[in-house]
Amino acid sequence: MVKLADETQSQVKRATRAAYGATLAELAGEGLPVVAVDADLTGSTTTKKLADAGFEDRLFNCGIAEQNMVDVAAGLAITGHVAYTGSFAVFGTGRAYDQIRNTVCYSKLDVKIAPTHAGISVGPDGGSHQMLEDVSLMRGLPNMRVLVPADYAAARAAIRLAATTPGPVYVRMGRASVPAVYADGVELELGRAYVLREGSDATIVACGVEVEQALKAADMLAERGRSGRGHRCVQRQAP
């Protein structure tokens with residue numbers, strides 16, 4: 001069982017996207033050949049932090065051209081880099097789906113599709129930006145692994161896990177700040193689900209930012225004399 005955040009830690013809200021650029025900078029500082037390729041959203045996705053940390057030559061801004069962003073990342077992967085892409089989920093997966101499918105996944109390239117602003121957390125940006133189908137799009141691709149972190153600590157772990165996992169990986173991050181679910185320094189594994197709370201009356205399965213809501217649901221059940229067993233699904237891999 002992974003270690004959950006204590007009451008004090010859970011009061012601190014941070015967006016999963018806030019972990020992105022900072023973690024890439026850490027990986028670069030540790031000697032990993034990571035690079036980031038963005039589509040004119042380096043501030044919002046936080047990939048700019050990689051350049052701010054002294055790795056200006058590791059950040060490539062392709063402008064508003066998401067398909068080109070993925071192809072540039074593929075080229076960098078072919079030359080021995082671990083390439084992460086940026087952009088918002090609606091553009092980074094939807095607009096560039098063909099390039100992800102045929103250039104990245106078909107060739108099993110070391111490209112990590114890691115957009116931010118996924119789901120309904122984009123709020124005021126409206127329905128055109130509220131990408132809900134990105135998990136199913138990426139889940140259906142061959143050779144693609146899907147990681148949906150629940151909080152800031154899990155996002156750091158997912159980005160690190162993607163860096164050391166050969167081949168395509170999808171890391172889904174959101175815009176809004178969310179409470180901590182896990183303790184700092186949590187480590188995740190591919191291909192397993194974590195039981196966060198034992199119970200006997202119901203099983204609640206969740207991933208991503210819904211994990212915190214699932215734990216609240218378990219608390220509500222407990223108040224009514226029911227015990228819910230909560231799972232956090234870390235990864236699924238398409239055949």
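Of the inter-residue distances, the one linking Asp71 atom CG with Ile100 atom CD1 reads 10.0 Å to the nearest 0.5 angstrom. Taking OG1 of Thr85 as the reference point, atom CD of Gln99 lies at 11.5 Å (rounded to 0.5 Å). Once rounded to the nearest 0.5 Å, the distance linking OG1 of Thr93 with CG of Leu137 reads 5.5 Å.
Pairs engaging residues 8-17 under the salt bridge (Lys or Arg N to Asp or Glu O under 4.0 Å) rule: Arg14-Asp184 [sequence neighbours left out].
Put simply, the side chain of Leu41 does not reach to within 4.5 Å of the side chain of Asn61, judged on heavy atoms. Side chains of Met173 and Ile159 form a contact here, defined as non-hydrogen atoms less than 4.5 Å apart. Looking at Pro168 and Val104, their side chains come closer than 4.5 Å, going by heavy atoms from C-beta outward. Residues Tyr182 and Leu4 meet the side-chain proximity criterion, which asks for heavy atoms closer than 4.5 Å. Using a 4.5 Å heavy-atom threshold, the side chains of His81 and Arg58 count as separate.
Between Arg197 and Asp219 there is a salt bridge, since a side-chain N of the basic residue sits under 4.0 Å from a carboxylate O of the acidic one. Checked for salt-bridge contact, Arg160 and Glu187 miss the test: no charged N lies under 4.0 Å from a carboxylate O.
For the pair Gln9 (side chain) and Asp6 (backbone), a donor-acceptor distance under 3.5 Å is present. Side-chain N or O atoms of Asp110 include none that pairs as donor or acceptor with a backbone N or O of Pro166 at under 3.5 Å.
For the pair Pro149 and Leu147, the tightest heavy-atom approach, listed with the atom from each and the gap, is CD-O, 3.5 Å.
Between Phe91 and His129, the ring-plane angle classifies as perpendicular under the 30° and 60° cut-offs.
Side-chain contact, Asp38 with Thr45: a donor N or O sits under 3.5 Å from an acceptor N or O.
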